[in-house]
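Everything on this sheet refers to the single structure shown next.
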Amino acid sequence: MKISALNGFKDILPGEVELWQHVESVARDIFSRFHFSEIRMPILEKTDLFARSIGEATDIVEKEMYTFVDKQITMRPEATASLLRAYIQHGLHVQKPVQRLFTIGPMFRHERPQKGRLRQFHQLDVEVLGAASPRVDAELLGLASMLLAELGVTVSLEVNSLGCPACRPAFRETLLQFIEERKEQLCDDCKRRSTTNPLRVLDCKNPKCREQVEEAPSILEHLCEECDTHFAAVQKNLQQLNVQYRLNKFMVRGLDYYCRTTFEFITKDLGSQSAVCAGGRYDGLVEQLGGPKKVPGIGFAMGIERLVLLLQQQEQEQAPEKGIDIFVVGLGEKASDFSFPLVHALRQNSIVAAMDHEGRSLKSQMKQANKAGAGWALILGEDELEKGVAMFRNMATKEQNEIAIVNDNNELLNILIEQITTG
RNA sequence: GUGGGUGUAGCUCAGUUGGUGGUAGCACCUGGUUGUGGCCCAGGAGGUCGUGGGUUCAAGUCCCAUCAUUCACCCCA
């Protein structure tokens, strides 16, 4: 019986992996321009960490985590909780009042897989800890949109404010009252949501619910003074950076820890999944996890699978596979025995070199050279060895000439390196 | 957790009202005057038709179950 990967788990094969490398290298470049530092955390954490940060009642914690029940440990379903755990554990707030951190890696959620959603998926995660200024909110959104723009994906940005513990409870009551009045018109899911997570009724996909919710009270009109001032400043700062956005008073978050500014970069090109990047502020979370008091935080996560899907779909130019510098063709045992250490020496000199080990024909080896995108071929056969020469062929121009193999192999090596590096 | 679609070569797929598995395309291998790549041509290799039952003289084809996969709901990056 053939063994295949688990449902919702995917191999990233040569051909696609180059796209991933591209995404990661563009991301790293931009992170460094914004002066962010990389941090890497373990994949396993105590289950309690996620229950306390993401929220006991969320679907993620309730039924989607990969947990070793007997050991009370869980494979991380997102990065923020682990990152804050590391921040607190190592006292990073003491080293620098403001920490700007990013991490890249796999996350695990036991959801039913579908387009743009896997059980092991990968995120680029960016967090700023210790900065309360609305400028940081805008700066982060500027970073995200710069990254998406440089990758060449077309998405739109929606922003909202969720208020804070001072103003959200009152809004929640107002909203609940509104929902109660129209409960009969809402879908079954929304009836359930009205008790579990009323804010979620606001972003239901059902057209009938949308219609009902159209008139719903807006959080933006119920913000306390501080939240209102903060959100106004975020918007002003976004305009300064010329970041295009749309206010969406119906946007909410799935994780409990968010407050104030929240945002999503969305697209219609991913089937039912719309968010490519999402995040927001979480000012109380560090303290809630047992860290220092009053450390504000804000961050976002980008789904790499979703970025890659968009890149493939929006038909970005495929990076052509990198060709090798030289293919050394050896005909016969003697020639192969001569080529073997030569190829190794070329590699020691930073030349990308390959050879055949299967004793195939000249024609076959030339085909391999061509397929590998070799710039040059060095052909060594019985005749050449007898004459003490090797044929050096330019694969593009088909020009070839003899190079003498003298006693000292270094001479041949130096000629090859010289030719290859100068083109 | 719920609902729909699809399972035939490594990949993309044909396969008629049930009647011997495809000269199919891509990829792979070997050749096309003894040792020179891309194009072209010829040949070759590659399959328990997802699996297990059932109906039938006969099942890739019809029925049931099961597994896998995919899309959507839920939820979410």
Side-chain angles (χ1 to χ4, degrees), chain A residues 1-10 13 15 54-55 57-65 77-80 105-126 144 155 187-190 192-193 196-197 200 203-206 251-255 263-267 270-280 299-310 323 327 329-332 335 358 360-384 391-400:
Chain A
M1 185 168 153
K2 261 195 275 186
I3 296 178
S4 51
L6 294 170
N7 191 16
F9 289 70
K10 275 230 157 58
L13 301 176
I54 297 169
T58 58
D59 275 21
I60 294 179
V61 170
E62 243 176 24
K63 46 195 184 195
E64 293 174 358
M65 295 205 302
E78 58 119 33
T80 304
M107 310 295 156
F108 303 84
R109 291 183 199 172
H110 191 108
E111 301 177 278
R112 201 70 164 254
Q114 65 188 79
K115 188 173 185 184
R117 192 175 80 179
L118 292 171
R119 289 180 172 173
Q120 176 178 335
F121 60 103
H122 299 76
Q123 289 185 334
L124 299 162
D125 191 78
V126 177
V155 293
C187 71
D188 289 346
D189 282 323
C190 280
R192 176 175 53 76
R193 288 185 186 111
T196 57
N197 189 355
R200 273 281 165 201
D203 75 344
C204 181
K205 285 179 185 169
N206 188 313
M251 187 180 69
V252 299
R253 302 276 63 202
L255 282 52
F263 49 87
E264 279 180 9
F265 288 85
I266 59 174
T267 173
L270 286 177
S272 85
Q273 313 303 323
S274 58
V276 178
C277 168
F300 66 77
M302 267 191 207
I304 303 183
E305 278 82 0
R306 293 182 184 180
L307 283 173
V308 168
L309 271 176
L310 284 180
F327 192 98
V329 177
L331 295 171
E358 315 305 316
R360 291 196 214 263
S361 69
L362 172 63
K363 179 172 179 168
S364 170
Q365 293 196 42
M366 288 304 289
K367 278 188 181 176
Q368 290 179 60
N370 183 58
K371 211 153 115 191
W376 301 90
L378 186 75
I379 303 165
L380 284 150
E382 306 289 336
D383 299 355
E384 282 82 1
M391 299 298 295
F392 189 53
R393 178 181 178 87
N394 183 317
M395 292 296 284
T397 64
K398 296 187 173 186
E399 286 170 43
Q400 64 182 32

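Sequence lines set the chain letters: A, B, ... in the order given, protein chains first and strands last, and positions in each chain run from 1. Given the structure is predicted, the values throughout are model-derived calculations rather than measurements.
Put simply, NE2 on A:His110 and NZ on A:Lys63 are 11.5 Å apart, with the number rounded to the nearest 0.5 Å.
Comparing the same atom, P, in B:rA9 and in B:rG50 gives a spacing of 8 Å after rounding to whole Å. Comparing B:rU6 with B:rU66, their C1' atoms are spaced 16 Å from each other, to the whole Å. B:rU33 sits 30 Å from B:rG46 when the C1' atoms are compared, rounded to a whole Å. With both ends at atom P, the span from B:rU17 to B:rC26 equals 29 Å, rounded to whole Å.
The interatomic distance linking A:Leu13 (CG) with B:rA27 (C1') rounds to 14 Å, in whole Å. A straight line from CD of A:Gln368 to P of B:rA27 spans 16 Å, rounded to a whole angstrom. In this structure, CG of A:Leu331 is placed 8 Å from P of B:rG35, rounded to the nearest angstrom. Atom NE2 in A:His110 sits about 7 Å away from atom P in B:rG1, given to the nearest Å.
Side-chain N/O atoms of A:Ser364 include none lying less than 4.0 angstrom from OP1 or OP2 on B:rC29.
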Legend entry - Nucleotide-resolved protein contact map, nucleotides 65-77 of chain B, B/S/- at heavy-atom distance under 4.0 Å: ----SSSBBBBBB

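Taking only distance into account, the side chain of A:Gln365 never meets the base of B:rU36 through a donor-acceptor pair shorter than 3.5 Å.
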Check: protein-nucleotides 38-41 of chain B nitrogen or oxygen pairs below 3.5 Å:
| from | atom 1 | to | atom 2 | distance (Å) |
| --- | --- | --- | --- | --- |
| B:rG38 | O4' | A:Asn370 | ND2 | 2.8 |
| B:rG38 | O6 | A:Lys398 | NZ | 3.4 |

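Counting non-hydrogen atoms under 4.0 angstrom, A:Glu384 reaches a base of the nucleic acid.
Pairs of Watson-Crick or G-U wobble type, with distances under 3.5 Å, assemble into runs of 3 or more in RNA chain B at these ranges: B:1-7 with B:67-73, B:10-12 with B:24-26, B:28-32 with B:40-44, B:50-54 with B:62-66.
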